[in-house]
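Counting starts at 1 for both ligands and their atoms, following the listed order.
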Amino acid sequence: MNDIQKKLIEYLESEHKFTQMVLWNDERLGLQISIIVDDTTLGPGIGGTRWRPFPTRTEALVDNSRLARDMTHKLAMALGEDTELAQAGVGFGGGKAVISGEPTRDRGKRKEQLTAYAQLINSLGGRYVTSIDVGTTVEDMIMMKEVTKWVAGLPHEMGGSGDPSPATAMGVVWGMKACLEAVFGTQSFKDRTIAIQGIAGKVGSSLARMLASEGAILLGSDINEAGAQQVAKEVGARLVPSDQIHHQQCDIFSANAYGGVLNDDTIPQLRCRIVAGAANNQLWEPRKHAAMLHDRGILHAPEFWINGGGVINVAHEFHPQGYSQDRAFADIKRIYNRGKEMIETSRKDKISLYMAAMKLAEERVRRARDGKTAS
Ligand code: NAD
């Protein structure tokens with residue numbers, strides 16, 4: 001058995017049992033789909049649809065299961081009991097779908113495929129709500145909305161929450177404030193130096209604008225040089241080569257590009273007190289590298305906590321009174337409160353923030369599950 005196969009078995013046999021796994025093949029439409037509803041204790045499993053090729057079916061499933069479990073933890077952290085959405089009786093668990101293969105470019109065929117996929121989602125009776133991820137677009141969600149109501153991430157003109165990236169960036173800013181307070185005793189960005197990896201990206205550029213307006217000194221990098229120069233000019237950031245951004249002397253290193261950026265090679269090179277950014281799966285090996293950062297005295301903000309702003313915004317489409325930016329943003333601000341709680345747990349239990357966040361998320365799911373069992 002290879003490592004990928006072992007990971008799948010680990011997920012299937014894990015103590016925290018998944019709710020539902022759907023594997024669907026349609027040879028005529030050329031579709032190979034998996035939907036994993038990881039946990040519905042707090043509500044329907046929500047998570048985007050990833051459409052990209054995978055070398056094997058097992059690899060697609062391993063990615064799907066990891067992403068679905070991450071969503072369970074993310075939603076448990078993002079929509080705590082104190083949020084406007086939870087108070088309105090709406091909660092979400094984790095889910096994720098994978099369409100394995102090259103995304104179809106032909107619009108007619110794509111519509112036929114997405115219609116069939118939306119019908120598959122309907123067959124789950126509301127247990128899974130989908131949205132955008134790598135390989136899927138707002139246009140896809142609009143198309144699917146004609147067939148299923150279990151779709152989120154729609155444009156404002158359709159009563160939706162619009163592009164999630166500024167909401168994600170706003171959540172990162174609130175998360176950074178909790179980290180700054182823990183490390184420097186003040187949440188002020190004034191004269192703090194922040195190195196943004198992926199400054200030309202959707203989240204990175206929004207974040208740069210927000211931090212510049214709060215008085216931060218910005219460094220940035222992006223492989224999209226023209227885009228980076230444009231953002232840098234706008235916000236007054238100094239650009240550095242992409243392979244050097246993580247070892248700049250700074251207060252916060254903010255990864256907003258790709259996963260696996262914190263590993264055996266990069267962690268010893270960091271010259272910052274805090275690592276806080278939106279990129280998913282920043283830790284190459286989560287437990288090991290979270291501990292390495294903790295041992296170096298660097299506060300690492302777990303991404304499933306700090307990048308929850310986008311999913312909070314999207315989830316508000318299901319508020320009983322419809323989407324309201326004011327309500328959604330009030331909940332995004334609560335990322336700060338959750339951070340304070342997590343930092344306290346980490347200090348009290350002498351564990352990394354990653355382990356503290358996992359503990360809080362798992363405890364919240366367990367509390368809700370026990371409550372349901374008792375009633
Ligand atoms: P994006 O594609 O718009 O931005 C990524 C940026 O990173 C691009 O500008 C790209 O050129 C740059 N980049 C790629 N490789 C790089 C490298 N080696 N060095 C420097 N820059 C590099 O994506 P995004 O939507 O802004 O998302 C950024 C990250 O945040 C991703 O990991 C994503 O999964 C995560 N995330 C995004 C959201 C959201 O709302 N968009 C929500 C949660 C998590």
On the ring face of Phe184, is Arg273 found with NZ or CZ under 6.0 Å from the centre and within 45° of the axis?
yes

Suppose the criterion is salt bridge (Lys or Arg N to Asp or Glu O under 4.0 Å): which pairs have a residue in residues 104-128, not counting sequence neighbours?
Arg28-Glu112, Arg110-Asp140, Lys111-Glu146

Among all protein heavy atoms in this structure, tell me which lies nearest to atom 33 (C) of ligand 1, with the distance rounded to 0.1 Å.
Asn280 ND2, 3.9 Å

I'd like to check whether Gln197 has a polar contact with ligand 1, where a contact means an N/O of the residue lying under 3.5 Å from an N/O of the ligand.
no

Of all residues at least two apart in sequence or in a different chain, which pass the salt bridge (charged side-chain N to carboxylate O under 4.0 Å, His left out) check with Glu214?
Lys177

Side chain to side chain, Ile194 and Leu219, heavy atoms closer than 4.5 Å
no

To the nearest 0.1 Å, how far is atom 15 (N) of ligand 1 from its closest protein heavy atom, and which atom is that?
Ile223 CD1, 3.5 Å

When you compare the side chain of Leu270 with that of Leu293, does any pair of heavy atoms fall below 4.5 Å?
yes

Tell me if the CH2 atom of Trp24 is crowded by more than 12 foreign heavy atoms within 6.0 Å.
yes

Ligand-residue contact atoms, ligand 1 with Gly198, heavy atoms, under 4.0 Å
7 (O), 21 (N)

Number the atoms of ligand 1 from 1 as they appear, then name those within less than 4.0 Å of a heavy atom of Pro164, with their elements.
40 (O)

With heavy atoms under 4.0 Å as the rule, classify the contact between Asn256 and ligand 1 as side chain, backbone, both or neither.
backbone

Decide if atom CD of Glu27 counts as having more than 12 heavy atoms of other residues, nucleotides or ligands within a radius under 6.0 Å.
no

Shortest protein heavy-atom distance from atom 27 (O) of ligand 1, along with the residue and atom involved
Val203 CG2, 4.1 Å

Check the angle between the aromatic planes of Phe318 and Phe92 and answer parallel, tilted or perpendicular using the 30° and 60° thresholds.
perpendicular

Lys74-ligand 1 polar pair, N/O distance under 3.5 Å
no

State whether the shortest distance between N or O atoms of Asp222 and N or O atoms of ligand 1 falls below 3.5 angstrom.
yes

Tell me: protein heavy atom nearest atom 31 (C) of ligand 1, and distance?
Ala257 O, 3.6 Å

Would you call Asp39 and Arg369 a salt bridge, using N to O less than 4.0 angstrom?
yes

Counting non-hydrogen protein atoms only, what is the nearest one to atom 23 (O) of ligand 1? Give residue, atom name and distance.
Lys202 NZ, 4.1 Å

Under 3.5 Å, side chain of Thr168 to main-chain N/O of Gly310, donor-acceptor pair present?
yes

Taking the non-hydrogen atoms of Ser165, is any one of them nearer than 4.0 angstrom to ligand 1?
yes

Short N or O distance, Gly204 and ligand 1, threshold 3.5 Å exclusive
no

Distance to 0.1 Å, residue and atom name: give those for the protein heavy atom nearest to atom 40 (O) of ligand 1.
Thr168 OG1, 2.7 Å

Between Thr130 and Tyr128, do the side chains contain an N or O donor and an N or O acceptor separated by less than 3.5 Å?
yes

Please state which option from Gly259, Ala278, Gly310 has its nearest heavy atom closest to atom 30 (O) of ligand 1.
Ala278

Option of least heavy-atom distance to atom 43 (C) of ligand 1 (set: Val261, Asn307, Asp243, Leu207)
Asn307

Of all the non-hydrogen atoms in the protein, which one sits nearest to atom 4 (O) of ligand 1, and at what distance?
Gly201 CA, 3.2 Å

Mode of Ser242 contact toward ligand 1 - side chain, backbone, both, neither (heavy atoms, under 4.0 Å):
side chain

Expected output: side-chain Glu303 to main-chain Asn281 donor-acceptor under 3.5 Å:
yes

To which protein heavy atom is atom 18 (N) of ligand 1 closest, and what is the distance rounded to 0.1 Å?
Tyr258 CE2, 3.3 Å

